[in-house]
Amino acid sequence: MLDLQLASLFTVGFLIVIGLFSAIFIDNVIKKLMGIAFIEEGVNLFIVTLGYKEGGIVPIYLPGMDANWFSSTAAYPLPYGLVLTSIVIGASTLAVMLALTMVLYKKYGTLSASKMLASREESELNE
């Protein structure tokens, strides 16, 4: 059976590759944003995977626990805190990017990045 951490790392690679492909090669702006979100979630999963500890417990020290046992079996709390912060920042950043996409759609009437660039170049040449 495949190790859980190894399977998670394969999933990380898959998410990042799919995200990079869509962010670079797909012309639709919303699909590009979805690709960026895939990359972000891949990185978050990578950080969580690094913080995983086989047989680990929740890192909350309760009265009556042996300090040596707790320090050897508790999971690492820092990666989970970083990922939680990253999720909040990523959600707000994605909202701003979607708002900018709406502004671009109102201005150019399309979601195609190549058509937006062509229209911009035409307007610069006419000036």
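Predicted, not measured: the structure shown is a model, and the values here were computed from it.
Both V12 and I39 belong to a single network of hydrophobic side chains, linked directly or stepwise wherever heavy atoms of I, L, V, M, F, W or Y lie under 4.5 Å apart. V58 is connected to L62 through a chain of hydrophobic side-chain contacts under 4.5 Å among Ile, Leu, Val, Met, Phe, Trp and Tyr, so both are in one cluster. Hydrophobic cluster membership is shared by I18 and L45, with clusters built from Ile, Leu, Val, Met, Phe, Trp and Tyr side chains linked at under 4.5 angstrom. When hydrophobic clusters are built by joining Ile, Leu, Val, Met, Phe, Trp and Tyr residues whose side-chain heavy atoms come closer than 4.5 Å, directly or via intermediates, I47 is grouped together with L50. Under a hydrophobic clustering in which Ile, Leu, Val, Met, Phe, Trp and Tyr are joined whenever their side-chain heavy atoms come within less than 4.5 Å, directly or via other members, I24 and F21 fall into the same cluster.
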Please report, to 0.1 Å, the donor-acceptor pairs under 3.5 Å made by any side chain of residues 103-111, with sequence neighbours excluded.
unit_1	atom_1	unit_2	atom_2	d
T110	OG1	S112	N	3.2

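Distance check, rounded to the nearest 0.5 Å: OG of S22 to CG of L33 gives 9.5 Å. The distance from the CD atom of E40 to the CD1 atom of I89 is 9.0 Å, given to the nearest 0.5 Å.
Among all heavy-atom pairs drawn from G51 and P79, the shortest one is CA-CG, 3.7 Å. The two residues A113 and K32 make their nearest non-hydrogen contact at CB-CE, 4.1 Å. Here the closest non-hydrogen pair linking P77 and P59 is CB-CG, 3.9 Å. Scanning all heavy atoms of the two residues, the minimum distance from T49 to Q5 falls at O-NE2, 2.8 Å.
Residue pairs meeting the side chain to side chain donor-acceptor pair (under 3.5 Å) criterion with at least one partner in residues 65-87, sequence neighbours excluded, are N44-S86.
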(message) Using side chain to side chain contact (heavy atoms under 4.5 Å, CB included), reason through F46 and L9 one step at a time and then give a plain yes or no.
(response) CA-CA 7 Å; F46 178 70; L9 289 174; 3.7 Å; yes
(request) With side chain to side chain contact (heavy atoms under 4.5 Å, CB included) as the test, would you mind laying out the steps for K115 and D27 before giving the verdict? (result) CA-CA 9 Å; K115 289 181 183 177; D27 194 40; 5.5 Å; no
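At least one side-chain heavy atom of M116 sits under 4.5 Å from a side-chain heavy atom of V29.
Shown here are the side chain to side chain contact (heavy atoms under 4.5 Å, CB included) partners of Y61, two or more places apart in sequence or in another chain: M65, A67, F70.
Side chain of S8 to backbone of L4: no donor-acceptor contact under 3.5 angstrom is found.
By the neighbour-count criterion of 12 heavy atoms within 6.0 Å, atom CE of M34 is sparsely surrounded, having that number or fewer from other residues, nucleotides or ligands.
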